[in-house]
Each structure stands twice: as C-alpha cells, then as structure tokens.
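A note on names: the letters A, B, ... follow the listed sequences, proteins ahead of strands, and every chain is numbered from 1. These numbers were taken from a predicted model, which means no experiment stands behind them.
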Amino acid sequence: DIQMTQSPASLSASLGETVSIECLASEGISNDLAWYQQKSGKSPQLLIYAASRLQDGVPSRFSGSGSGTRYSLKISGMQPEDEADYFCQQSYKYWTFGGGTKLELK
Amino acid sequence: EVQLVESGGGLVQPGRSLKLSCAASGFTFSNYYMAWVRQAPKKGLEWVATISTSGSRTYYPDSVKGRFTISRDNAKSSLYLQMNSLKCEVTATYYCARQRTIAAPMDAWGQGASVTVSS
C-alpha cells in the first residue's frame, strides 16, 4: 500500500501570508495527486488534481507542485475563508489520503 | 447541478448490518466511477470502496474487504454500501464521491451519512 505522509499536522497563518503544505508518498505516484479542502462541518472539496491543475472555480491563490514522491500545496495570500483542513490523496495505486493539515488564521 | 445525497445512516449495534444509499443527480451517473470515503470523528479521510462504471469491478482496502460490499444501480442513478458484521471502529461519517475515471480525483462529494456502531 502507498502511504501518504502529510506535514505539518497544523499551522497558523496571518492574513496575506503564504502557506505551504507538503505530502510525501512512500513510492512514486506519477503526479496522480489531488488536494482537498474541508471546512468545518462540511464535505471535502477538490482544489487541485494531477498535482498542479486547478479545479474549476478554485481561486488562483491555490497552487500545487511536485513530482515523484514529493508534492506541495501553496496558498499565496491567506484569506479568512481558507481556514480549513487540507488533505492530499494519491490515486496511482488505489486511493490513500494524507493525515491532514489544520490551517488556522492567526 | 451535481448532487450526491447519502441516506441510511444511524445507530446500529455491533455485529449488525447497515446499508447506505447515495442518490445522484445532475450528471450522467453511468459514466462515472463512484466511491465511498469515511471520516471517523475528529479524524482524517479513509477510502472505503470504489466501483467501476458498469459495476463489474469493485475495489476495497484490506480494512473492509469481506465485510463491506459496494454496488450500484445505473437505472436509478444510485450507489450503495452494504456493511456487515459492524464493529465500533467503523463509526464515522460516510461520504459518496464521484470519479471520472479510475485514476481521476473525487470531484464531487455528498454531504455525508453518519454511522454510529454502539451497544
């Protein structure tokens, strides 16, 4: 099974600050990597797919990058509505989620 | 508008069975792989099952294999999850989600169905 190690588990950011979240796969996943945002009490929403492609309707301050086993999500300019949990997911070999990152506004 | 609406959750005793349903609308259901993902209270997301467009292929993690069965009825645009021999550790919110292909991301999710296993 492919394991996804996500870091950090939590972080706090100021308004306008740039934030990065990372995911490390236990083996290469060929960019079959998605990022989801889950706001409190809501279902997850797709932000990024294929490692770097922005889902329709997602603000351009969100971006994804990476290759091989290392991937990251960047939020360029933290906004109040970005306070949420974030999860990475690989779909290269079945489906595995990272443990999640709780992002709070400082 | 794409909609996925889960139903069938509730409180169930250990060892019993429960069947969740997911009603889909706003898209051509038969063109999509479908999946179930669960989230235990205050925990992360865990993939539970996936089914191909025709229903001929199903996929499960070892944690539920043999106890959970995913199925679909394309004529009714509905997805199901039969859960047997329930244990307390399966207490979670269960989401249905759609995928355009087997390797595609889950681009639409339902609101979730809460399942509590307790005596």
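Most heavy-atom pairs under 4.5 Å with chain B: of the set A:Y92, A:F87, A:Y49, A:F97, this distinction falls to A:F97. For the set B:G44, B:A108, B:A104, B:P105, the count of heavy-atom pairs under 4.5 angstrom toward chain A peaks at B:P105.
Proximity to chain B (any heavy atom under 4.5 Å) is shown, for A:Q90, by neither the backbone nor the side chain. Looking at B:Q39, the atoms closer than 4.5 Å to chain A (heavy atoms on both sides) all sit in the side chain, from C-beta outward. When heavy atoms are compared at a cutoff of 4.5 Å, A:K93 does not approach chain B at all.
B:R100 forms a cation-pi arrangement with B:Y32, by the criterion of a distance under 6.0 Å to the ring centre and an angle within 45° of the ring axis.
Just one of B:Y95, B:F27, B:F29 meets the side chain to side chain contact (heavy atoms under 4.5 Å, CB included) condition when paired with B:L4; it is B:F27.
Taking 4.0 Å as the cut-off between side-chain N and carboxylate O, A:E81 and A:R61 count as a salt-bridged pair.
With hydrogens and angles ignored, the 3.5 Å screen pairs a side-chain donor or acceptor of B:E6 with a backbone N or O of B:G112.
Put simply, the side chain of B:M106 reaches to within 4.5 Å of the side chain of B:V37, judged on heavy atoms.
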